[in-house]
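Have a look at the structure below, then the notes.
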There are 2 protein chains.
Amino acid sequence: MDDMADTISEALPRDFEALRALILDRRESLPKRIAQVAAYALDNPDEIAFGTAASIATSAGVQPSTLIRFAQHLGYDGFTSLQQVFRERLRERTTSYEERLTVVRGDADEGTSNRRIVDGFLAAASKSLDVMSRNLDDETLDRAIDILHGAETIYILARRRSYPVASYIAYALGKLGVRSQLIESASGLSPEIISFASSRDAVIAISFSPYASATVEEARVLSANNVPVIAITDSAFSPLAQFAKVWFEVAEADFGGFRSLAATMALAMGLTVGVAELRRGRKGKKSASSKG
Amino acid sequence: MDDMADTISEALPRDFEALRALILDRRESLPKRIAQVAAYALDNPDEIAFGTAASIATSAGVQPSTLIRFAQHLGYDGFTSLQQVFRERLRERTTSYEERLTVVRGDADEGTSNRRIVDGFLAAASKSLDVMSRNLDDETLDRAIDILHGAETIYILARRRSYPVASYIAYALGKLGVRSQLIESASGLSPEIISFASSRDAVIAISFSPYASATVEEARVLSANNVPVIAITDSAFSPLAQFAKVWFEVAEADFGGFRSLAATMALAMGLTVGVAELRRGRKGKKSASSKG
DNA sequence: AATAAAATGAACTGTATGTTCCATTTTCGC
DNA sequence: GCGAAAATGGAACATACAGTTCATTTTATT
């Protein structure tokens, strides 16, 4: 049955993704120490890429020889060949914008000055996404979506710089069939509209320093009327953070005095689609069911 | 005068950026072969990070010993210490989103399903920025900004999904002291407002498939009245591309049917600030002067 | 043009590294 | 519970590597 060293024609992985899949696939059947190395490898791919067999073995808590055995178990002829895959991964990783902007061979003038401006905004956006990806708390997100899920109408509060996000949320919610009401600064009807909101509704309030007074005031009123407030803001000292039931701290990078909206947008879309998803599959009401 | 090996107290670079600056700084004064290595190093940092002294020397077309001399010229005590800097660079490079989404230890369940949705939007945004960074043409950008620079009033045309971008442009232009007029779908006044536009003005029209008929129609009318149109759209087949004086092709990645706006936003900000910059320093009218 | 100084090429060397080997322990089948 | 097979630890081994050295060439100085 077992055709060990014979017909290993299953082309052994040359790229990291395939290797990772292979390891996860065989995880169950690996010997204890080998599995220990496998786990370490997937958790510390950079270490494998850069370290020496001895140093890796030490920090993984095994003997160097186990590393070779691990590689051979997977079909590689030694640790070195396996290490190549981990190095390739770093090679192929796309360059970050910050780097692309500075790591140009010539002293400075790469592209026109206009290009440099756009690059600056691209870099700011990229950085913001990065920070968001690291800092976003799963539980906060779940609580926010849970609250929005139960709301009859979702009110959206934002002015000035935050307004584009609000308008996008309103548009997306509309497309997804979720009832929402955008509070615009233009219309003087804000007080009337707000007075309709009840505890069965919910509010998404978006505001960054310097906080638009209208947004803050309206959020305060709504909160006082027991309408749950989800706030997207930039610090714990934000007035919105005080009376929000759930609040997100979003740190947007800026360029030339204009802060990015990329991370806020992504979060907004996540909230929107998250709510819609939950409403669609009403059966699994609270617990977020894992779909495909 | 020259205090060579004596007082090298100028802390030698431990991070790549500083090293790069150091190399560029001394570029002129380096011996031929050393300079050859320096150029190769900045062009192929990944090779330096992973290769052996011998392999690098071969592909750089020098002797291995030259690599050591290069390192020592910069103040490092050997090739290995220099190589550490190149390796650190790869280590610190933030993981891309696509990777972060797939390279998770467990089979699938990293974070909640809501988290996965937000991650999806973050990844889409990141990808969009990446594509934009690669495809944006400097000349197109310069021409667009040049046209907008000469405009008395900038009209902004966008509906539905593109509307948030338009509202952000309007906000930013306002803050920067550039006269602009946002054409909203809500107000039935569009035709009247549009009729005021002349060839001394300009239009930014934003529309993606399926193109909002109002945007297309209004852009057509304006173009017919000799108002120059800058279009931001998604393909050469877009109706906007036909009568636009300058048009940008923006490929936004999507997640769950909702396309990102990150790249469009960055471009929009670039246009906005680019125009404002140009207007501020009116002296250097056409050629983009290098400031600071 | 002659001399000194710097730079370069190429072989050599000590060391650090991956790998192999074998004794010991653990796991599994009967 | 016994025996076989697999897995593991640890030391010995071979080699591939960075770094050194020295002869040669190139560049600068007088």
Side-chain angles (χ1 to χ4, degrees), chain A residues 1-6 8 12 23 26-41 44 46-88, chain B residues 1-6 8 12 19 23 26-41 44-88:
Chain A
M1 269 293 163
D2 56 7
D3 34 14
M4 287 289 280
D6 205 328
I8 303 189
L12 73 166
I23 292 173
R26 298 204 191 164
R27 189 165 48 170
E28 305 291 317
S29 65
L30 291 175
K32 198 170 68 179
R33 283 279 118 100
I34 307 282
Q36 186 176 333
V37 172
Y40 181 86
N44 309 72
D46 288 10
E47 279 303 312
I48 306 285
F50 291 119
T52 68
S55 71
I56 296 166
T58 303
S59 55
V62 299
Q63 291 292 326
S65 47
T66 310
L67 288 182
I68 284 96
R69 291 190 189 112
F70 170 59
Q72 290 170 341
H73 262 261
L74 297 173
Y76 298 89
D77 54 53
F79 171 71
T80 310
S81 347
L82 177 76
Q83 195 177 35
Q84 291 309 317
V85 179
F86 283 80
R87 294 188 163 184
E88 270 310 309
Chain B
M1 269 296 161
D2 54 8
D3 36 13
M4 287 289 281
D6 205 328
I8 303 189
L12 74 166
L19 171 58
I23 292 173
R26 298 203 191 165
R27 189 164 47 169
E28 305 290 317
S29 65
L30 290 176
K32 200 169 69 180
R33 284 278 119 101
I34 307 283
Q36 186 176 333
V37 172
Y40 180 87
N44 309 72
D46 288 10
E47 279 302 313
I48 306 286
F50 291 121
T52 68
S55 71
I56 296 166
T58 303
S59 54
V62 298
Q63 292 290 327
S65 48
T66 309
L67 288 181
I68 283 104
R69 291 189 187 114
F70 170 60
Q72 289 171 343
H73 262 261
L74 295 173
Y76 297 89
D77 55 52
F79 171 71
T80 310
S81 343
L82 177 75
Q83 195 177 37
Q84 291 309 318
V85 179
F86 284 80
R87 293 188 164 183
E88 270 311 309

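Because the structure is predicted, anything quoted here is derived from the model rather than measured. Values reported hereafter were calculated over all heavy atoms of this structure, with side chains retained and with hydrogens, waters and symmetry mates removed.
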What is the distance from CG of A:L67 to P of D:dG9, rounded to the nearest Å? 11 Å

Of B:K32 and B:Q72, the one whose closest nucleotide on DNA chain D sits nearer the 5' end is B:Q72

Starting from C1' on D:dA16, measure out to CD on A:Q83 and report it in whole angstrom. 14 Å

Separation of atom CZ in B:R87 from atom C1' in D:dA18, rounded to whole Å: 12 Å

In whole angstrom, give the distance that lies between atom CZ of B:F70 and atom P of D:dG19. 14 Å

Expressed in angstrom and rounded to an integer, what is the separation of A:L82 atom CG from C:dT17 atom C1'? 16 Å

Between C:dG18, D:dA18, D:dA7, which one does the side chain of A:F79 approach most closely? C:dG18

Regarding A:I34, tell me which of base, sugar-phosphate or nothing describes its non-hydrogen contacts under 4.0 Å with the strands shown. sugar-phosphate

Would you say a side-chain N or O of A:Q63 is under 4.0 Å from OP1 or OP2 of D:dG10? yes

If you pin B:T66 and A:I68 to their nearest nucleotides in DNA chain C, which one's is more 5'? B:T66

To the nearest 0.5 Å, how far apart are CD1 in A:I48 and CG in A:L67? 6.5 Å

Expressed as a whole number of angstroms, how long is the span from A:Q36:CD to D:dG9:C1'? 13 Å

Regarding the side chain of A:R33, the nearest nucleotide among C:dA7, D:dT8, D:dG19 is D:dT8

D:dA18 base to B:S65 side chain: any donor-acceptor pair below 3.5 Å? no

Check whether the side chain of B:R69 and the base of C:dG9 form a donor-acceptor pair under 3.5 Å. yes

What distance do A:R69 atom CZ and A:R33 atom CZ have between them, rounded to the nearest 0.5 Å? 11.5 Å

Just how far is it from atom CD1 of A:I34 to atom CZ of A:R27, taken to the nearest 0.5 Å? 15.5 Å

NE2/B:H73 to CD1/B:I23 distance, rounded to the nearest 0.5 angstrom? 13.0 Å

To the closest 0.5 Å, what do you measure between NZ (A:K32) and OG1 (A:T66)? 11.5 Å

